[in-house]
2 protein chains.
Amino acid sequence: MAVHKKEEFTQKEQDLAAFAKALAHPARIAILKVLAQRNECICGEIVEILPLAQSTVSQHLKELKSAGLINGSVDGPRSCYCINWKAFEKFNQEFSWLFTNLKIKNEKSCC
Amino acid sequence: MAVHKKEEFTQKEQDLAAFAKALAHPARIAILKVLAQRNECICGEIVEILPLAQSTVSQHLKELKSAGLINGSVDGPRSCYCINWKAFEKFNQEFSWLFTNLKIKNEKSCC
DNA sequence: ATCTTATATCGCAAATATACGATTAATCAA
DNA sequence: TTGATTAATCGTATATTTGCGATATAAGAT
């Protein structure tokens, strides 16, 4: 867009939107599932499981990481990614707060 | 992108991602808040409250509607939008399910 | 019938996201 | 040191999103 107006909203709205954005692609949800199912952080397997090229998966991982949803560390020639449960919990609560907050105000729809 | 690969993921992953996408902009979160705070569906006020042009707000409303998060009906020369609590609750539960599901498998991160 | 008001839609421009192949970088093994 | 392996980054193409002004539409008011 010509101008980006996102910063004109509240910080909380921006944070929630950023979190939602990180989850706004099925590949990233799938990645989170894979990470959760493994006890070890095997990264290369994600590429094999997902129907995407290695570079694309790497990009999605980068986005999840910059959103704070996963941690990553270098382990020799391979990388290790894990879910950042703390951040995840925080956003889970913020979402619940949003849902509850919205619902408390007006239980029924008028149209 | 050259090819869209979204449909190669599970339906549940796609649905969740679509829902997250609808929330992935602070303007849309702000709109939901406004809709929830009013007992009546006053649509024009949203334009006054948000720092966006009328046409842009209309577009965001359209996206929320097509995501199923809000209902809309024509009421004379003005439109009436309300939150679709049923759909909202469904997605809230799906999200909770995702969070819980992820966390159950592996409580602690390894990196 | 015309004017006003409220909202949707169209057309456009710019920004961002998605995807891939090619390349780079970094480590391990021989 | 060389070669193999793994993952990040770069460059590029295309699609989608965001945003606005202008226009269209639709109903109520005069």
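Lettering follows sequence order; numbering is per chain, from 1. Quick caveat, the model's predicted, so the values are computed rather than measured.
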**B/K6 side-chain N/O to C/dA19 phosphate OP1/OP2 under 4.0 Å** = no
**Request:** State which residues pass salt bridge (charged side-chain N to carboxylate O under 4.0 Å, His left out) with A/E45; sequence neighbours excluded, sorted by chain then number.
**Result:** A/R38
**Message:** Would you say B/Y81 places a side-chain N or O within less than 4.0 Å of OP1 or OP2 belonging to C/dA8?
**Reply:** yes
**Message:** How many whole angstroms separate atom CD of B/E48 from atom C1' of C/dA6?
**Reply:** 12 Å
**Prompt:** Rounded to whole angstrom units, what separation is found between the NZ atom of B/K62 and the C1' atom of C/dA6?
**Reply:** 17 Å
**Request:** Give a yes/no answer on whether the side chain of A/H60 brings an N or O atom under 4.0 Å of OP1 or OP2 in C/dA17.
**Result:** no
**Message:** Base of C/dA8, side chain of B/Q54 - is there a donor-acceptor contact under 3.5 Å?
**Reply:** yes
**Prompt:** For A/K65 and D/dA8, what is the distance between atoms NZ and C1' respectively, to the nearest whole Å?
**Reply:** 11 Å
**Request:** Measure the distance from CG on A/L61 to P on C/dT18 and round it to the nearest whole Å.
**Result:** 13 Å
**Message:** Distance alone, cut at 3.5 Å: any donor-acceptor contact between the side chains of A/T10 and A/E13?
**Reply:** yes
**Message:** Do A/Q59 and A/T56 pair up side chain to side chain, a donor and an acceptor below 3.5 Å, judged on atom types alone?
**Reply:** no
**Smallest separation among heavy atoms of B/N71 and B/I83, with atom names** = OD1-O, 4.4 Å
**Request:** To the nearest Å, give me how far apart CD (A/Q14) and C1' (D/dT18) are.
**Result:** 15 Å
**Asked** Roughly how far, to the nearest 0.5 Å, is CD1 of A/I29 from NE2 of A/H60?
**Response** 11.5 Å
**Asked** Can you tell me if the side-chain N/O atoms of A/R78 get under 4.0 Å from OP1 or OP2 in C/dA26?
**Response** no
**Message:** Classify B/E63 by what it touches in the nucleic acid, base, sugar-phosphate, or nothing, heavy-atom distance under 4.0 Å.
**Reply:** sugar-phosphate
**Request:** Looking only at side-chain atoms of B/S58, point me to the closest of D/dA8, C/dT9, C/dA19.
**Result:** C/dT9
**Atom pair distance, as rounded to whole Å: NZ in B/K21 and P in D/dT18** = 8 Å
**Fill in**
note: A/E8, atom CD; D/dC20, atom C1'; distance rounded to Å ~ 14 Å
**Request:** Tell me whether the OP1 or OP2 atom of D/dG19 has a side-chain N or O from B/S55 closer than 4.0 Å.
**Result:** no
**Message:** Using heavy-atom distances to pick each residue's nearest nucleotide on DNA chain D, tell me which of A/F9 and A/T56 is more 5'.
**Reply:** A/T56
**Item:** Distance, rounded to the nearest Å, where B/R28 contributes CZ and D/dT16 contributes P
**Value:** 15 Å
